[in-house]
Chemist: 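Below is one structure. I have some questions about it.
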Amino acid sequence: MKTIRTLGLAALLVVGTAAPASASGLGEVRVLAHFDRAAGQAAESIALEPGGGVVIGMIPARQVVRVAPDGAVAVLTTMPLPPGGGGTTPVVGDPVVTGVARADSGTVYFLYSSGQGGLTGIWQLPRSGAPRLVVPLPADTMPNALVIDGPRKRFLVTDSAGGRIWQAPLGGGRATVWSADPTLAPNGFFGANGMKVHDGAVWASNSDRGTIVRIPVTRDGGSGRAEVRATGLAGIDDFDFTGRGDEILAAINQANELVRVNANGTHDILLDAGDGMQGTTAVAVRGDRVYVTNGANLAGDDPTLMLARLRR
C-alpha cells in the first residue's frame, strides 16, 4: 500500500483557508486500492459494507466491484452494452454504471444509464445470478447518485441531465419525480449529482452551479422549499457528512480536490493533486474513517480508493 501524506489540522493552514479550531481534519491518508483505468475502471461512487469493505460503481467499465478491507478488488458484475453498442446516454454518450447503495439486508443496488428504456434505472445485484432491473427510469435521464431512504422505504435518485430527484418504492416499481426545483438544474452539463439524506432533509450537489442544496422533507415525505447552503464549488461531485452537524466533505472532480464545507457554507481544501487526488468523485464517512474515490476521468491515469482518518 502506498502512503500518500499525513495531514493534520496545522497542515490545513497551508493548503487552504484557515479552518475553525473545532473543524475536522484528516490524517493517515493512504491508497487502499488501485483500479485499471485502461479497462474503464473509473471509480465513481461508494457504498459502505460492514467490516471495512466497500462497493464501488465503475464508469465506463459498466461494473460494480467490491474492495475488501485489505484492498483486494473483485468484480461483482459487468453490465452488457445496449443493443447497437450504446452511444445514446444523455450528456456522457457511453453507457455507464454510476451510483451504488447497500440495503440493511446486504442487498446491493446500482444505477445503469444507457440512453435506452428497459435498461436505464435501478438494478438489484442478487447474491447469486444476474442483476435485474427493479426501477425503470426514462431513457432521457442520467441517473447519478442512489440513496436508500430507509424510514420511508424508498429509493432517491439524482438525474444530472434533467435536474431532478426521482423517488421509487424500495420494493421496486414505478418512479416519480420528487423534486424538480430550479436549483437542481444543469447549466450546460451536469446538474444534480451527489446526494445524502441528513437531518430531515435531502441534500444534493449541483456540479455546473458549484452548489450544495438542502431540500426539507415534508411531513408526508414530499419536498419542501430548496435552499442553497454552499456556493463556489465548481465541479462538485459526491459528498458526505462528517458527523459534526452540517459539516461536509466534498469531492471536487474538476479541481482534483477533497474539500471541507463548513456549516456556514465556507470551504477549505483538505487534499489536492499533490496528495494523489485525480478526478475526485465520491466520499463516504463511517465513524472516523473517510473513503475517497478518484476516477481519473478528467485528469491523471491512476483511479484509486483512498482511506483517511477523520480527526476531530
Side-chain angles (χ1 to χ4, degrees), residues 45-51 53-57 64 98-111 121-127 132-137 141 143-160 163-181 183-184 192-206 212-230 238-250 261 263 282-291 310:
S45 54
I46 307 169
L48 299 173
E49 294 194 307
V54 301
V55 174
I56 295 176
V64 178
T98 50
V100 292
R102 183 185 184 277
D104 291 340
S105 65
T107 302
V108 172
Y109 298 90
F110 64 94
L111 297 172
I122 304 173
W123 289 72
Q124 181 188 67
L125 185 63
R127 296 183 185 276
R132 67 184 187 96
L133 182 64
V134 293
V135 178
L137 288 168
T141 61
N144 202 322
L146 175 62
V147 168
I148 294 175
D149 183 5
R152 295 174 181 84
K153 295 181 173 58
R154 66 182 175 183
F155 296 107
L156 294 171
V157 178
T158 56
D159 173 8
S160 296
R164 297 167 288 193
I165 296 175
W166 294 79
Q167 64 177 352
L170 194 55
R174 178 175 174 267
T176 58
V177 174
W178 183 76
S179 176
D181 192 272
T183 57
L184 303 173
N193 194 327
M195 178 174 52
K196 293 292 184 293
V197 177
H198 169 75
D199 194 23
V202 174
W203 299 62
S205 59
N206 186 315
I212 296 176
V213 177
R214 180 184 185 272
I215 307 176
V217 178
T218 61
R219 187 169 298 178
D220 63 356
S223 57
R225 184 175 180 178
E227 173 192 10
V228 175
R229 294 294 298 267
D238 189 29
F239 62 93
D240 202 1
F241 291 87
T242 65
R244 185 187 289 275
D246 292 341
E247 183 185 68
I248 287 170
L249 299 183
V261 182
V283 189
V285 180
R286 172 172 285 166
D288 65 350
R289 290 189 171 195
V290 179
Y291 297 84
L310 190 63

Chemist: Do any N or O atoms from the side chain of Lys196 and from the backbone of Ala204 form a donor-acceptor pair under 3.5 angstrom?
Modeler: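 No, Lys196 side chain to Ala204 backbone: no donor-acceptor pair under 3.5 Å.
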Chemist: I need the minimum non-hydrogen distance between Leu48 and Val285, along with the two atoms involved.
Modeler: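 Closest pair (atom of Leu48, atom of Val285, distance): CD1-O, 3.8 Å.
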Chemist: When rounded to the nearest 0.5 angstrom, what distance separates CZ in Phe239 from CG in Asn193?
Modeler: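 Those atoms lie 9.5 Å apart.
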Chemist: Can you tell me how far the CZ atom of Arg229 sits from the OG atom of Ser205, to the nearest 0.5 Å?
Modeler: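 One finds 15.0 Å between CZ of Arg229 and OG of Ser205.
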Chemist: Does any non-hydrogen side-chain atom of Val55 lie less than 4.5 Å from one of Val64?
Modeler: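 They are in contact (side-chain heavy atoms under 4.5 Å apart), so the answer is yes.
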Chemist: Please step through side-chain contact (heavy atoms from CB on, under 4.5 Å) for the pair Trp166 and Thr141, ending with a clear verdict.
Modeler: CA-CA 10 Å; Trp166 294 79; Thr141 61; 3.9 Å; yes
Chemist: Could you measure the distance from the OG1 atom of Thr158 to the CH2 atom of Trp178? Nearest 0.5 Å is fine.
Modeler: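 It comes to 12.0 Å.
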Chemist: Do Ile165 and Val177 make a side-chain contact, defined as non-hydrogen atoms from C-beta onward lying under 4.5 Å apart?
Modeler: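 They are not in contact (no side-chain heavy atoms under 4.5 Å apart), so the answer is no.
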Chemist: Starting at CZ of Arg152, measure out to CG of Asp220 and round the result to the nearest 0.5 Å.
Modeler: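 So the gap between those two atoms works out to 9.5 Å.
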Chemist: So does Thr98 get a backbone contact from the side chain of Ser45, meaning a donor-acceptor N/O pair under 3.5 Å?
Modeler: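 Pair found, side chain donor or acceptor close to backbone of Thr98.
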Chemist: Distance check, rounded to the nearest 0.5 Å: Tyr291 atom OH versus Ile56 atom CD1?
Modeler: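 CD1 of Ile56 is found 10.0 Å from OH of Tyr291.
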Chemist: How long is the gap from CZ on Phe155 to CG on Leu111, to the nearest 0.5 Å?
Modeler: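 That separation rounds to 9.5 Å.
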Chemist: Mind listing the closest non-hydrogen atom pair of Arg154 and Gln167 along with its distance?
Modeler: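 Heavy atoms of Arg154 and Gln167 come nearest at NH1-OE1, 2.7 Å.
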Chemist: Go through the steps to decide whether Ile122 and Val157 satisfy the test side-chain contact (heavy atoms from CB on, under 4.5 Å), and finish with yes or no.
Modeler: CA-CA 9 Å; Ile122 304 173; Val157 178; 3.7 Å; yes
Chemist: Could you tell me which non-hydrogen atom of Tyr109 sits nearest to which non-hydrogen atom of Gln124, and how far apart they are?
Modeler: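 In terms of heavy atoms, the two residues are closest at OH-NE2, 3.3 Å.
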Chemist: If you look at every heavy atom in Pro169 and Arg174, which pair is closest and at what distance?
Modeler: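 Heavy atoms only, the tightest pair is CD-O, 3.4 Å.
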Chemist: Would you say the ring centers of Phe241 and Trp203 fall short of 6.0 Å from each other?
Modeler: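 Centroid separation for Phe241 and Trp203: below 6.0 Å.
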Chemist: On a heavy-atom basis, which atom in Ala175 and which in Pro136 lie closest, and how many Å separate them?
Modeler: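 That closest heavy-atom pairing would be CB-O, 4.2 Å.
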Chemist: Does one side chain, of Ser179 or Asp181, offer a donor that lies under 3.5 Å from an acceptor on the other?
Modeler: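 No.
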Chemist: Does Asn206 reach the main-chain N or O of Thr183 with its side chain, forming a donor-acceptor pair under 3.5 Å?
Modeler: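 Yes; judged by distance alone, with no hydrogens or angles, the pair exists.
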Chemist: So which atom in Asp238 and which in Gly194 form the shortest heavy-atom distance, rounded to 0.1 Å?
Modeler: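 Scanning both residues completely, I find the closest heavy atoms to be OD1-CA, 3.8 Å.
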Chemist: Establish, from distance only, whether the side-chain atoms of Ser160 and Asn144 form a donor-acceptor pair under 3.5 Å.
Modeler: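 Looking only at side-chain atoms, Asn144 and Ser160 do form a donor-acceptor pair, the distance falling under 3.5 Å.
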Chemist: Please determine which of Val197, Val202, Asp199, Asp149 meets the side chain to side chain contact (heavy atoms under 4.5 Å, CB included) test together with Val217.
Modeler: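 Of Val197, Val202, Asp199, Asp149, side chain to side chain contact (heavy atoms under 4.5 Å, CB included) with Val217 is met by Val202 alone.
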